[in-house]
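Residue numbers begin at 1 in each chain, while the letters A, B, ... track the order of the sequences.
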Protein chains: 2
Amino acid sequence: MVTLAEVAQHAGVSASTVSYVLSGKRSISATTRQRVEQSIRELGYHPNAGARALAGKRSNIIALMVPLRTDMYVPVMMEIAIAVATTARAHGYDVLLLTGEEGPDAVRRVTGSGLADAMILMDVELEDERLPLLRGGDAPGRATSGPGDEQPSVLIGLPADTTGLTCVDLDWSATGALCVEHLAGLGHRDIAVIGEAPAVYERHTGFAERTLDGLRSRARETGVRVLHRPCEGGYDALALTLARIFDERPGTTGFVVQNESAVEPLLALLRQQGRAVPEDVSVVAICPDQVAVQASVRLTSVAIPAQEMGRRAVEHLVAKLDGRGGDEVVLLTPELTVRASSGPAPAAP
Amino acid sequence: MVTLAEVAQHAGVSASTVSYVLSGKRSISATTRQRVEQSIRELGYHPNAGARALAGKRSNIIALMVPLRTDMYVPVMMEIAIAVATTARAHGYDVLLLTGEEGPDAVRRVTGSGLADAMILMDVELEDERLPLLRGGDAPGRATSGPGDEQPSVLIGLPADTTGLTCVDLDWSATGALCVEHLAGLGHRDIAVIGEAPAVYERHTGFAERTLDGLRSRARETGVRVLHRPCEGGYDALALTLARIFDERPGTTGFVVQNESAVEPLLALLRQQGRAVPEDVSVVAICPDQVAVQASVRLTSVAIPAQEMGRRAVEHLVAKLDGRGGDEVVLLTPELTVRASSGPAPAAP
DNA sequence: ATAGGCTGTCGAAGCGCTTCGACAGCATGC
DNA sequence: GCATGCTGTCGAAGCGCTTCGACAGCCTAT
């Protein structure tokens, strides 16, 4: 293991000079700098992370807390995680992977031990237990003992109360509205929404409820009827759900699907029932583009910008760590891409 | 930030005593221990990770290198990653998430900086550039400068040469054999294999080639004909592939699918062509159980034991770090579950 | 010519922890 | 009664780095 002292000796300078070459915090003459850099290369020196964290009071590590459960949107999570890791590296940070398993204790542990300088939380619930530990600013009821001692953090997802928090998320409400708007514009009057598994709503994951809100309020404005049904993935569950929907609203001609594992079953079942897409029924999905393109019918969809969410989260966090920028809620504007699964509503019989 | 010294003062003992209470490396009287533990709880003390790493020469961090690309098996990777994180925590380790992006440099950086004590590599290629840096033992041509200074590591996946390496993987060759065996036992004589995207074979990812080897050699033994076709996911690509297969081998009655995103398209296209599953053609998939169960036909499949792979990888690594156990290749035995997609071959026309 | 200001470098302190050797106190063996 | 061996605790050194203050050397302004 090569140390700074060895580099210093090799280059014929003092340890502090090497340190300043590395950090650039004091000016160093060009010749000395080059000599030191040469030694670093020759010896294959890498600064010791522990020593650096101890002396410098920052670890250059960002903690990323991913949900333990994998009941939804796994590829989206993975994409976010990878975008976080990549962007973090680009800013000189490494990423520590935490699972939701430990809950708030993980936050305390990481904060207390100085393991990470900051945190990114995914899959935030509306009333998340971890939030009191992260809330900054002058929020009442915060659990920290003084201003400025809380862990800088960014949430991917939106809790009920965002006071003193920085959040990045897709604007789910606008997403819902956009779907309804598209279908309403095509003349559809009865729309069914096939949602996530009931468990997702029960644990009050914000995005599902917000989407629904957007969906419903735009439906009200455009005079469209909306029927929402949560649904487990898979064929059997969807067959049941679909039967109930047509039972209750036989005139349904538009579908909004927010559940990756219901997309293909829906298309298959509709086909099987002799309902043509998009001639008889239109389908709009809320899913990553890749899913929309690979489906048996190229789906009109609102994309989930996973990469962008990961990237933005890191960039905000880095800004905070650099003392730039404060708390803020960033909502990404949804974009709807028209593909082959949506068209004009059929003439009423 | 609470320090060890503050805990010591609060408990009325010396710093070293607190340290020994924490580590258990020397005997401490019950009363002193309790007093110290009480202080730790009252003050909410967490040992500083950097200081610990510096003084103790280990960071209690395991690096996990995941592939950057997400062109295959994303849920499997995620499941492995989560299993790694969970198991690692159970052994007192945290997990650092690295992407393949930096390649061998990441290995050097992590090794050199003492950021992590050990590494787990996923998605290992047959001739992986990172391997020379990790090979231990007396392997010739290793790049380390002396025995014992290489990073302990475990690979998930099997490279061409495993000398001096520890690997955990599903026995893909046995997996291929198992699929053929099952179909041959049902009387199928012409089997088509729908594989991963061509790119996966081109980059010599071991599992794909090994599966094929197992498939072919068992086919030879059982007198079955095998036609292998790589395939991008999605409907269009699969439609083309399928047409070619039936063109070349009209008597094909058995399919082995090793490509998650080809499963559903295959079932849909077969249905569309009037070929009933399993009456006319049988399908065996190599995929996570969840996919097999959620498909439109419950699929006979060989499961990919993602959790187990992650868990075993960590356990081996921890054993190595504790000085127990050495290099070893662990191949998990595949298990085939018969579901509704496979049955006796139809009588020859 | 001299005071003052820069620049570039160095030495030393200290970050919070682990660990080694020392040693006090006590029980044991003869 | 004294050497012996434990047990439990302490002090101090040191891990590799950052950073502060000091200061030598030189340039500019008066």
Side-chain angles (χ1 to χ4, degrees), chain A residues 1-37 39-40 43-61 92 94 109-117 321, chain B residues 1-37 39-40 43-61 92 94 109-117 321:
Chain A
M1 176 138 203
V2 188
T3 69
L4 202 169
E6 293 173 306
V7 173
Q9 192 177 3
H10 186 273
V13 298
S14 76
S16 43
T17 300
V18 177
S19 179
Y20 286 124
V21 167
L22 251 29
S23 70
K25 292 193 180 173
R26 283 204 184 170
S27 57
I28 297 288
S29 70
T31 54
T32 307
R33 184 200 311 297
Q34 280 163 20
R35 205 141 36 83
V36 169
E37 282 166 353
S39 296
I40 288 176
L43 301 179
Y45 169 72
H46 289 269
N48 178 293
R52 200 165 238 204
L54 180 57
K57 311 223 165 298
R58 42 215 315 331
S59 60
N60 288 302
I61 289 179
D94 273 295
R109 188 168 64 85
V110 169
T111 307
S113 67
L115 230 188
D117 298 331
L321 287 169
Chain B
M1 174 137 205
V2 188
T3 69
L4 201 168
E6 292 173 308
V7 173
Q9 192 177 4
H10 186 272
V13 297
S14 75
S16 43
T17 301
V18 177
S19 180
Y20 287 123
V21 166
L22 250 30
S23 69
K25 293 193 179 173
R26 283 202 184 172
S27 56
I28 297 287
S29 71
T31 55
T32 305
R33 182 199 313 297
Q34 280 163 21
R35 206 139 35 82
V36 170
E37 282 167 352
S39 297
I40 288 176
L43 300 178
Y45 168 72
H46 289 269
N48 178 294
R52 202 166 236 202
L54 181 56
K57 310 220 166 302
R58 43 215 317 325
S59 61
N60 288 303
I61 290 180
D94 273 294
R109 188 168 63 85
V110 169
T111 305
S113 67
L115 230 188
D117 298 330
L321 288 168

Review point. Which nucleotides of nucleotides 10-18 of chain C have their base under 4.0 Å from a protein heavy atom (B), which only their sugar-phosphate (S), and which neither (-), written as one string 5' to 3'?
Key: BB--BBBBB

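B:Thr3 is not listed as a side-chain neighbour of B:Asn48, based on a closest heavy-atom distance of 4.5 Å or more. The shortest side-chain heavy-atom distance between B:Leu22 and B:Ile40 falls under the 4.5 Å cut-off.
With sequence neighbours excluded, the residues satisfying side-chain hydrogen bond (donor to acceptor under 3.5 Å, both in side chains) with B:Ser16 are B:Ser14. Here A:Arg26 pairs with nothing under the salt bridge (charged side-chain N to carboxylate O under 4.0 Å, His left out) rule; sequence neighbours left out. Applying the salt bridge (charged side-chain N to carboxylate O under 4.0 Å, His left out) rule to B:Arg33 yields no partners; only residues at least two apart in sequence or on another chain are considered. By the side chain to side chain contact (heavy atoms under 4.5 Å, CB included) test, A:Lys57 is found to be paired with no residue, residues two or more places apart in sequence or in another chain being considered.
What separates CZ of A:Arg33 from P of C:dT7 is a distance of 14 Å, to the nearest Å. For A:Arg58 and D:dT19, the CZ to C1' distance is 15 Å, given to the nearest whole Å.
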With the criterion being N/O to N/O and under 3.5 Å, what pairs connect the protein with nucleotides 25-27 of chain D, and how long is each?
none

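Remark: side-chain polar atoms of B:Ser113 are not paired, donor with acceptor, to backbone N or O of A:His46 under 3.5 angstrom. Counting only distance, with no hydrogens or angles, the side chain of A:Asp94 and the backbone of A:Ile61 share no donor-acceptor pair below 3.5 Å.
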